[in-house]
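Throughout, a chain's letter reflects where its sequence line sits, starting with A, and its residues are numbered from 1.
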2 protein chains.
Amino acid sequence: MFSIGELSKRTKVKVPTIRYYEEMGLLAEAERTSGNQRRYDKAGLERLSFIRHARDLGFSIEAISSLIELQEHPDRSCEAATDIATSQLEEVRAKIKRLRTLEKELSRISKGCDGEGVLGDCYVLASLADHNLCDREH
Amino acid sequence: MFSIGELSKRTKVKVPTIRYYEEMGLLAEAERTSGNQRRYDKAGLERLSFIRHARDLGFSIEAISSLIELQEHPDRSCEAATDIATSQLEEVRAKIKRLRTLEKELSRISKGCDGEGVLGDCYVLASLADHNLCDREH
DNA sequence: CTTGAACCTCTAGTCACTAGAGACATTACA
DNA sequence: TGTAATGTCTCTAGTGACTAGAGGTTCAAG
């Protein structure tokens with residue numbers, strides 16, 4: 001059994017974040033010492049590692065909740081879990097696509113201005129003021 | 001002179017968002033009718049278009065504030081504006097990089113599981129539980 | 001047995017909005 | 001001119017996923 005600080009060190013999840021996850025129902029309520037401090041075991045560590053890993057991959061708290069619920073029924077079909085992962089993948093791909101468009105636009109804007117002139121003629125500001133100067137929609 | 005709703009239609013920025021921008025100091029306080037309703041002119045429209053466009057490109061409210069301040073001194077060097085745009089571009093590139101890593105990882109996880117088995121053997125859940133199953137850091 | 005670090009709960013703040021309540025203003029039409 | 005519908009006003013609270021801080025308690029080392 002170890003303390004919340006120890007759990008924090010091992011998982012690299014900050015202490016207040018662990019308490020937050022408990023409040024959100026991602027982590028079961030921890031056992032307590034007689035002095036009301038949380039104590040964790042290996043199961044708690046594994047659960048939090050799972051959450052941390054999923055968060056790193058961009059899964060929302062809600063999605064993680066669903067995944068955890070699924071974990072608790074190992075006999076069921078794993079279609080639902082695969083669905084969640086796939087839709088997360090789609091979201092990531094959509095974000096990448098959008099960011100690539102922005103990248104092109106921003107790089108065009110940055111390049112258009114060498115930073116040496118005066119703001120009155122600045123291409124950065126002009127581009128932002130006038131959408132028509134853009135190559136494409138975004 | 002036109003109303004906030006009209007301005008909203010023309011810029012595609014929602015009415016409460018316009019009021020929010022005013023509160024945040026991005027938009028000057030609008031003139032009012034005798035009945036206390038906001039009225040805008042061409043200058044207000046242009047200013048809001050600028051803000052909208054910059055937000056679309058992912059600039060933070062704070063960055064936009066700086067850009068607007070710069071706009072008000074057309075005699076100064078445009079280096080600062082270029083800096084803001086460039087750092088925004090760097091942020092976007094960093095995000096893309098990170099998301100690409102996630103994409104690879106998620107696609108590996110999704111592919112590992114055809115959704116036909118049972119949760120107890122689900123590769124999606126196993127991958128999330130055990131970081132060691134990952135190809136690389138993320 | 002004392003000290004100091006770690007822990008507890010609770011509230012409030014972050015960002016960029018969004019939603020809703022309840023009251024007042026404007027506009028279109030009869 | 002009357003009225004009904006739509007628009008607008010302010011204010012408060014909620015979103016997601018935390019983070020920061022106050023003020024108090026408990027633990028572990030020496």
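Contact check, B:Arg52 against C:dA16: no side-chain N or O comes under 4.0 Å of OP1 or OP2. Proximity of B:Arg38 to the phosphate of D:dC9: a side-chain N or O atom is located under 4.0 Å from OP1 or OP2. At C:dC17, one or more side-chain N or O atoms of B:Tyr21 fall inside 4.0 Å of OP1 or OP2 (strictly under the cut-off). For A:Arg39 and D:dT26, the shortest distance from a side-chain N or O to OP1 or OP2 is not below 4.0 Å. Between D:dT8 and B:Ser3, a contact under 4.0 Å exists linking OP1 or OP2 to a side-chain N or O. Considering only side-chain N and O atoms, A:Arg55 lies nowhere under 4.0 angstrom from the phosphate OP1 or OP2 of D:dG16.
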Table of protein N/O atoms under 3.5 Å from nucleotides 19-24 of chain D N/O atoms:
residue: D:dT19; atom: OP2; partner: A:Thr17; partner atom: OG1; Å: 2.9

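Counted by atom type alone, A:Tyr21 and A:Arg52 present zero donor-acceptor pairs between their side chains at under 3.5 Å. The closest side-chain donor-acceptor pair between B:Tyr40 and B:Arg10, if any, does not fall under 3.5 angstrom.
Look at CD on B:Glu23: it is 14 Å from C1' on D:dA13, rounded to the nearest Å. Between the CG atom of A:Leu7 and the C1' atom of C:dC7 there is a distance of 14 Å, given to the nearest Å. The interatomic distance linking B:Phe2 (CZ) with C:dT26 (P) rounds to 17 Å, in whole Å. Here C:dA16 presents its P atom at 5 Å from CD1 of B:Ile61, a figure rounded to the nearest Å.
The residue A:Arg19 sits close to a base: some heavy atom pair falls under 4.0 Å. Residue-level contact check: A:Phe59 touches neither bases nor backbone, having no heavy atom under 4.0 Å from any strand.
Comparing C:dC17, C:dC7, C:dA25 by their closest approach to the side chain of B:Thr33 singles out C:dA25. Closest to the side chain of A:Gln37, out of D:dC27, D:dC9, C:dT9, is D:dC27.
Nearest-nucleotide mapping onto DNA chain C: of B:Gly35 and B:Glu62, the residue sitting toward the 5' end is B:Glu62.
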